[in-house]
Protein chains: 2
Amino acid sequence: MSSTHTHSKKSQILTKNQRIVLDLLQNSGEPLKAYFILDSLKKEGLNSPLQVYRALDKLVELGKIHKIESINSFIICNNSNCASNTAFTICERCGKVKEIKNKNLTDGVSDLVKDNQLEITRYNLEFYVLCKSCKIN
Amino acid sequence: MSSTHTHSKKSQILTKNQRIVLDLLQNSGEPLKAYFILDSLKKEGLNSPLQVYRALDKLVELGKIHKIESINSFIICNNSNCASNTAFTICERCGKVKEIKNKNLTDGVSDLVKDNQLEITRYNLEFYVLCKSCKIN
DNA sequence: ATTACGTATGTAATAATATAACACTTAGAG
DNA sequence: CTCTAAGTGTTATATTATTACATACGTAAT
Ligand SMILES: [Zn+2]
Ligand SMILES: [Zn+2]
Ligand SMILES: [Zn+2]
Ligand SMILES: [Zn+2]
């Protein structure tokens, strides 16, 4: 099948390690920690922390995943176009994390920083909440 | 000396360890890392990471210092009333950190989350910038 | 095809950050 | 004084992340 198929951009094709790390995060949907990812992917051939961290770094750089700084965890990007501006809610009780998609909020923040002459290159917003199910119980 | 002098609120008085850690952060003005603090305060009698982390935890809880999550560092609060809502700029080139005091921005963010019915308990905003001196050079 | 180059890989060792466990002390409340 | 909550000191250990180095692989130019 296929002759001389030119992959126009090598950089858009994930390597094996990047692929399996991304797939795990995709299937999980939750934030995962690097060493959990390592343990989970032992059977796929990942043997060392560095293999995981390298894949994570690249995926973050590509914007396919995000790091949630306050919990040292990584989560699949749930948003079509973050452009490295990220915003999350984190439940203070159960730890559940959601990426904020609300365009009003993110645009509002962008406007605010412009209005206040903060020339930012990107931002990361972590909002702590009590999630619905935690509020009930 | 002193007869029955009642410290109305014990919780407002810092302990020795909390005091010396706070003083160091105060005098520094920059974000410091826990193990740097430990090394700096060996001569003051701090011998173990736990002594530092315990003091830091308490000071964060009291709102006297903040943790900057993306660099695992702690900085004196430069603001009279953060109420655990924090906002920083971090230079992507030199690492310089500033606490944002801009009330327009922080109020604006609070309004935005209200407008969008995010019931948050607190937030931490980390804005990445190219600081003035880095922009020049 | 050969070379050169940038990127990725595999592996071992180690650094940096943070917490658990336990025995003991201190200071305030009643 | 006695009880209790909070803080201390210390050792050990867990968790998170990087350095260093040798090797492989894909692309593009020669
Ligand atoms: Zn995203
Ligand atoms: Zn919850
Ligand atoms: Zn502050
Ligand atoms: Zn700078």
Side-chain angles (χ1 to χ4, degrees), chain A residues 2-22 24-25 31-62 64-75 95 97, chain B residues 1-25 31-62 64-75 95 97:
Chain A
S2 86
S3 56
T4 357
H5 61 297
T6 56
H7 296 142
S8 58
K9 290 197 183 169
K10 165 190 176 182
S11 60
Q12 288 182 347
I13 298 166
L14 299 181
T15 67
K16 176 192 149 240
N17 288 356
Q18 290 160 11
R19 185 81 251 161
I20 62 177
V21 169
L22 182 63
L24 180 64
L25 285 166
L32 302 181
K33 288 172 170 279
Y35 277 71
F36 175 89
I37 293 171
L38 176 55
D39 287 343
S40 303
L41 296 178
K42 283 266 167 69
K43 53 184 174 306
E44 313 285 345
L46 287 199
N47 297 304
S48 84
L50 199 47
Q51 292 176 299
V52 173
Y53 280 108
R54 286 198 282 224
L56 289 170
D57 285 350
K58 190 66 187 184
L59 292 169
V60 166
E61 190 189 320
L62 295 174
K64 297 194 176 296
I65 67 172
H66 303 303
K67 181 172 187 182
I68 302 156
E69 298 288 353
S70 60
I71 55 172
N72 301 313
S73 300
F74 299 85
I75 193 169
V97 171
Chain B
M1 67 196 68
S2 88
S3 56
T4 354
H5 63 297
T6 56
H7 295 142
S8 59
K9 290 199 183 167
K10 165 190 175 183
S11 60
Q12 288 182 346
I13 298 165
L14 298 182
T15 66
K16 177 193 148 238
N17 288 355
Q18 291 159 12
R19 183 83 254 159
I20 62 177
V21 169
L22 182 64
D23 285 348
L24 180 63
L25 285 166
L32 302 181
K33 287 171 171 281
Y35 277 73
F36 175 89
I37 294 172
L38 176 57
D39 287 343
S40 303
L41 296 177
K42 282 267 165 70
K43 53 185 174 305
E44 314 286 343
L46 287 199
N47 297 305
S48 83
L50 248 197
Q51 294 176 297
V52 173
Y53 280 108
R54 287 198 280 224
L56 289 171
D57 286 349
K58 189 66 188 186
L59 293 168
V60 166
E61 190 189 320
L62 294 173
K64 298 194 175 297
I65 67 172
H66 303 303
K67 180 171 187 183
I68 302 155
E69 298 289 353
S70 60
I71 56 173
N72 301 313
S73 299
F74 299 84
I75 194 169
V97 171

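Letters go in sequence order (proteins before strands), and every chain restarts at 1.
- When each of A:L24, A:D39, A:L38 is paired with A:L46, the side chain to side chain contact (heavy atoms under 4.5 Å, CB included) condition holds for A:L38 and for no other.
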- [ ] Would you sort out whether A:I75 and A:I68 count as a side chain to side chain contact (heavy atoms under 4.5 Å, CB included), showing the intermediate values?
- [x] CA-CA 7 Å; A:I75 193 169; A:I68 302 156; 3.7 Å; yes
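- Note on B:T15: only backbone sugar-phosphate atoms sit closer than 4.0 angstrom, heavy atoms only; bases stay farther off.
- Where A:F36 and B:K16 each meet DNA chain D at their nearest nucleotide, the meeting point lying more 5' is that of B:K16.
- The side chain of B:R54 has D:dT10 as its nearest neighbour among C:dT11, D:dG7, D:dT10.
- The CG atom of A:L50 sits 17 Å away from the P atom of C:dT7 (whole-angstrom rounding).
- Taking the side chain as every heavy atom from C-beta outward, B:F74 and B:V60 approach each other to under 4.5 Å.
- Between A:N72 and C:dA18 there is no side-chain N or O to OP1 or OP2 distance below 4.0 Å.
- D:dT15 has no base stacking with the ring of A:Y35 when judged by centroids under 5.5 angstrom apart and an interplanar angle below 30°.
- Where B:F74 and A:Q18 meet DNA chain C, the nucleotide closest to each residue was compared, and A:Q18 sits on the side nearer the 5' end.
- For B:D57 and D:dT8, the CG to P distance is 12 Å, given to the nearest whole Å.
- Note on A:Q51: every side-chain N or O is 4.0 Å or more away from OP1 and OP2 of C:dT9.
- Distance CG (A:D39) to P (D:dA14): 14 Å, rounded to an integer number of Å.
- Summarising the geometry, the separation between CG on A:L38 and P on D:dA17 is reported as 13 Å, rounded to the nearest angstrom.
- What you find for B:N72 and B:K33 is that their closest heavy atoms are O-CG, 3.7 Å.
- As a whole-Å value, the separation of A:N17 CG from C:dT9 P is 4 Å.
- For B:N47 and D:dT8, the shortest distance from a side-chain N or O to OP1 or OP2 is not below 4.0 Å.
- Proximity of A:K67 to the phosphate of D:dA17: a side-chain N or O atom is located under 4.0 Å from OP1 or OP2.
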Open item on the list: Test side chain to side chain contact (heavy atoms under 4.5 Å, CB included) on B:K16 and B:R19; report intermediate values, then the result.
Closed with: CA-CA 5 Å; B:K16 177 193 148 238; B:R19 183 83 254 159; 5.6 Å; no
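- Set against C:dA18, D:dG7, D:dT18, the side chain of B:K58 has D:dG7 as its closest nucleotide.
- We find that the ring of A:Y53 and the base of D:dT18 do not stack by the test of centres under 5.5 angstrom and planes tilted less than 30°.
- Separating the CG atom of A:L56 from the C1' atom of D:dT18 is a distance of 14 Å, rounded to the nearest angstrom.
- Per the geometry, CD1 belonging to B:I13 stands 12 Å off P belonging to D:dG7, to the nearest Å.
- Rounded to a whole Å, the CG atom of A:L46 is 11 Å from the P atom of C:dT11.
- Between B:A55 and B:P49, it is B:A55 whose nearest contact on DNA chain D lies nearer the 5' terminus.
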